[in-house]
Amino acid sequence: MTLPESFVARVMRDLGAAEGGALCAALDTPPAVSLRLHPRRSSGRLPRVAEGAAPVPWCAEGRYLDVRPSFTLDPAFHAGAYYVQEASSQFVGRLAGDLAGCRVLDLCAAPGGKTTLYASAVGPDGLVVANEIDRRRVQVLADNVRRWGTGNVVVTCAEPRTVCDLEAWFDVVAVDAPCSGEGMFRKDDAARAEWSEGNVRLCAARQDEILREAWRALRPGGRLLYSTCTFNRDEDEGALERLVAWTGDEVAEAEPVAVDPAWGIVEGEVGPFRTFRFYPHRARGEGFFAAVARKADDAAARSRMPRGRRQPTAAVDRAAATELRRWVAAPDRMRFGAAGECCYGWYAAQADAVAALASALPVVYSGVAMGQLFKGRLRPDGALALFVGLERGALPSADLTEEEALRYLRRQEIAAAPLAEGMNLVCCDDRPLGFAKRIGGRVNNLYPNAWRILKS
Ligand code: SAM
């Protein structure tokens, strides 16, 4: 499918014939394939797909792959050893700076590429609120958050204005805005087909609304990250110009971001915002625009949490609490609670914040689902296997071959021999995948039905 005519005309006009021509030519070449490694699951031992892969220069965990493997048929993918993420997008990690212990709002979060990056960066003392407006997409986001297993994310499904009623509550607010998607023209024919001048105008108006809401949620001194996957000036610099005009002297410069000129990123400024453009003919990645600024320390704002309406979670009984504590490596750093039959764990540092959020917003998932109460007994949840804070010695582990692991991930029968009697943690290449229970010569495959591989 050819590039939209008026897109080509605009690019030629804005960038000039040589630069515009190079951009359009690059959009007709194959896209780069890249992933981002899980820092807790790949240190010292790379997943096989990433062995020998070239690093993404602006992201320590980023890797370019020479070919696109079948990620679905790689057990390491299901173990959350990496997230398949476009290289340019990984730049937001550099833009965000040191996030340890921060509260981050990822306002347009599905499917969760950037959420997982922020979740690793904030660590167990921090919290990421990952919001997605679309009810179908929020389920994919929640699955990716479970698989990443950091246990420090709250997934919500709400309009930006509802989430941003948490005024001045976040250290960082990230708006990865819905956009006209010109940067996806190389990867995705649908992006070319759906593009129109009218849609660009619609996107720009929607971005203005989202940014205004985002600004309310940011605390004085906090950082706003804005990004799109389009080249369109009206949706990129234009959106920031309109925000700066509206917020006036409440916007301040953020800390400098170190960028090596060899990376091919085009830097710019919009008032106090530092901007970064990725063109596929200059940088190795898809089209991307990212910007950062701060809310001034003296900006008028008062931290506010809307009054809770929803039922908070219930306490767990003593027997369940003892079992839950046994399953995690640092029980004193965690708190536990129940919602219906499911028991959850949250890091203590943010547990009060999570409870307050749960009473004020529609929460789809939070912390780590630890286990289900089943006939009065606690059965470990699939998400617990993928939790980075799992106590590996709590249950016997069975390490399966890749072939047998794929049978497990398809919820097919697996051989009993590698498993101990009773509940087992099922692993492949020493990376946990889920649970299975051996009863004599029979194995009950407990891999969640919703996650099973359907591809043959
Ligand atoms: N941050 C995601 C990632 O890294 O995987 C990608 C986000 S995508 C570019 C933009 C998201 O914004 C989509 O999931 C879309 O459903 C959502 N969205 C659409 N309309 C929205 C609106 N009016 N307000 C907030 N989000 C919206």
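When a ligand or atom number is given, it counts from 1 through the structure's own listing order. Here the structure is a predicted model, which is why all the values come from computation and not from measurement. What's counted below: heavy atoms across the whole structure, side chains too, no hydrogens, waters or symmetry copies.
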Subject >> Aromatic centroids of Tyr226 and Phe273 separated by under 6.0 Å >> reply: no
Subject >> Centroid-centroid under 6.0 Å between Tyr279 and Phe231 rings >> reply: yes
Original post:
What do we get for Ala109 next to ligand 1 when only non-hydrogen atoms under 4.0 Å count, side chain, backbone, both or neither?
Top reply: backbone
Original post:
Would Glu86 and Ser89 count as having a side-chain donor-acceptor pair, cut-off 3.5 Å?
Top reply: yes
Could you find the nearest protein heavy atom to [atom] and give me its residue, atom name and distance?
atom	result
atom 23 (N) of ligand 1	Arg206 CD, 3.4 Å
atom 4 (O) of ligand 1	Lys114 NZ, 3.0 Å
atom 12 (O) of ligand 1	Cys108 CB, 3.4 Å
atom 3 (C) of ligand 1	Gly113 N, 3.6 Å
atom 27 (C) of ligand 1	Ile133 CG2, 3.5 Å
atom 1 (N) of ligand 1	Asp176 OD2, 2.7 Å
atom 20 (N) of ligand 1	Pro178 CG, 3.7 Å

Going by distance only, is there an N or O of [X] that falls short of 3.5 Å from an N or O of ligand 1?
X	result
Ile210	no
Glu132	yes
Tyr83	no
Ala177	no
Arg137	yes
Ala110	yes

Original post:
Any heavy atom of Pro160 sitting closer than 4.0 Å to ligand 1?
Top reply: yes
Subject >> Contacts of type side-chain hydrogen bond (donor to acceptor under 3.5 Å, both in side chains), residue Tyr83, not counting sequence neighbours >> reply: none
Does the distance from a Lys or Arg side-chain N to an Asp or Glu carboxylate O, for [X] and [Y], drop under 4.0 Å?
X	Y	result
Asp381	Arg146	no
Arg10	Glu197	no
Arg277	Asp236	yes

**OP:** Mind checking ring-ring contact (aromatic ring centres under 6.0 Å, His included) for Phe288 and listing every partner two or more places apart, or none if nothing turns up?
**Re:** Phe278
Original post:
Does Arg219 make a cation-pi contact with Phe170 (under 6.0 Å, within 45 degrees of the axis)?
Top reply: no
Original post:
Are Arg392 and Trp327 in a cation-pi contact, defined as NZ or CZ under 6.0 Å from the six-membered ring centre and within 45° of the axis?
Top reply: no
Original post:
At a 4.0 Å threshold, what atoms of ligand 1 neighbour a non-hydrogen atom of Gly112?
Top reply: 3 (C), 5 (O)
